[in-house]
Amino acid sequence: MTSEVLDPSSTERSAAPSRPLVWLGRVAAFLLGAAFLVAAWTKAVDPKGFAVQIVNDGLMFESLALPMAIVVVAVEFFVAVGLVVGSRRVLILALATLMMFAFTGLAGWQVIHPPEDPESCGCFGNFVQQDPVQHLWTNIALFALSLLAWLGRDATVRGKLRFLVAIAAGVVGLGFTIAAPALPIDHWPGVTLLEPGAEVAALPIEDLIPELYEGRHLVVILDRAAERSAADVARLNEKAV
């Protein structure tokens, strides 16, 4: 009887995923993470607007929409930064895949039942104008990336530091989203298109206020629900006359 001594390193090499699959998974994860990061940022700077979208989509009662919006943004920051820095742990990939599955399903529903403002569909809000069909195709592409991100993943859990960075991003994102409405960040990139010197043609409001595209107008941003807004509007109308 003969015995054979196996080389452990050769066994590990044979079980390791092929390098093309590894790189395909890594690139897909990075691209998906970048998309999640942009989406998380556009929601974080306007959590109340995101909450309104959640209510309009029929996903949550109005009283719970804002807390839900804040939690979703924090999770998106966690997943986004995790994927961008190369952490492909099961938790991060599973959350990414589940969220894209849910977003794609919602996009499909909006194709069948278009929202009141069909040009503002999508995870990127008004900054990326999409109709329901374009929104659906975007989500299908991102959902495909979420599946490809699993390819070539090493079963061995590695990258503890990267995972901690992702957790820190989620915590920071949570705090920033809560504080954003009170922060002076209107001049930051991606926060708002309404700023001094903005061209009307660059604003996605042609279908809402077509009369703005002719003549000269004074644009005032105010909270219509605030008690003093009615008095402010009356005073501005008097000056305009």
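Side chains included, hydrogens not; waters and symmetry mates left out as well; all remaining heavy atoms used.
- Linking Ile, Leu, Val, Met, Phe, Trp and Tyr whenever their side-chain heavy atoms come within less than 4.5 Å puts Ile167 and Leu91 in one cluster.
- The cluster map of Ile, Leu, Val, Met, Phe, Trp and Tyr, joined by side-chain heavy atoms under 4.5 Å apart, puts Leu183 and Val45 in the same cluster.
- Residues Leu142 and Leu145 meet the side-chain proximity criterion, which asks for heavy atoms closer than 4.5 Å.
- Here Val172 pairs with nothing under the side chain to side chain contact (heavy atoms under 4.5 Å, CB included) rule; sequence neighbours left out.
- Listed here is the closest heavy atom pair of Gly152 and Val22: O-CG2, 3.5 Å.
- More than 12 heavy atoms of other shown residues, nucleotides or ligands fall within 6.0 angstrom of atom CH2 in Trp150.
- Looking at every heavy atom in both residues, Leu83 comes nearest to Ala96 through CD1-CB, 4.2 Å.
- Listed for the Arg162 side chain is no donor-acceptor partner under 3.5 Å among the backbone atoms of Arg88.
- Rounding to the nearest 0.5 angstrom, the gap separating the CD atom in Glu76 from the OG1 atom in Thr177 is 9.5 Å.
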For a quick test of your reading: what N or O donor-acceptor pairs under 3.5 Å do the side chains of residues 26-39 make, sequence neighbours left out?
none

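- Residues satisfying the side chain to side chain contact (heavy atoms under 4.5 Å, CB included) criterion with Leu106, sequence neighbours excluded, are Asp57, Leu59, Gln110.
- Closest heavy-atom contact between Ala40 and Val73: O-CG1, 3.7 Å.
- Ala166 and Ile92 make their closest contact through CB-CD1, 4.3 Å (heavy atoms, listed as atom of the first residue, atom of the second, distance).
- In this structure, Met100 and Asn139 have side chains that are in contact, with non-hydrogen atoms separated by less than 4.5 Å.
- With rounding to the nearest 0.5 Å, the separation of CZ in Phe50 from OG1 in Thr42 is 9.0 Å.
- The same ILVMFWY cluster, assembled from side-chain heavy atoms under 4.5 Å apart, contains both Leu147 and Phe101.
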Report the C-alpha distance between Phe143 and Leu148 in whole Å, list the side-chain angles of each, state the deciding distance to 0.1 Å, and finish with yes or no for side-chain contact (heavy atoms from CB on, under 4.5 Å). CA-CA 9 Å; Phe143 180 53; Leu148 292 174; over 6 Å; no
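- Applying the side chain to side chain contact (heavy atoms under 4.5 Å, CB included) rule to Val75 yields the partners Val71, Val79, Leu95, Met99; only residues at least two apart in sequence or on another chain are considered.
- Considering only heavy atoms from C-beta on, Leu93 stays 4.5 Å or farther from Arg89 through its side chain.
- Between Phe176 and Trp41, the ring-plane angle classifies as parallel under the 30° and 60° cut-offs.
- Considering only heavy atoms from C-beta on, Leu174 stays 4.5 Å or farther from Phe77 through its side chain.
- Checked against side chain to side chain contact (heavy atoms under 4.5 Å, CB included), Leu66 has the following partners two or more places apart in sequence or in another chain: Pro47, Lys48, Ala51, Ile70.
- Grouped by direct or indirect side-chain proximity (heavy atoms under 4.5 Å, Ile/Leu/Val/Met/Phe/Trp/Tyr only), Trp137 sits with Val111, Val133, Leu136, Ile140.
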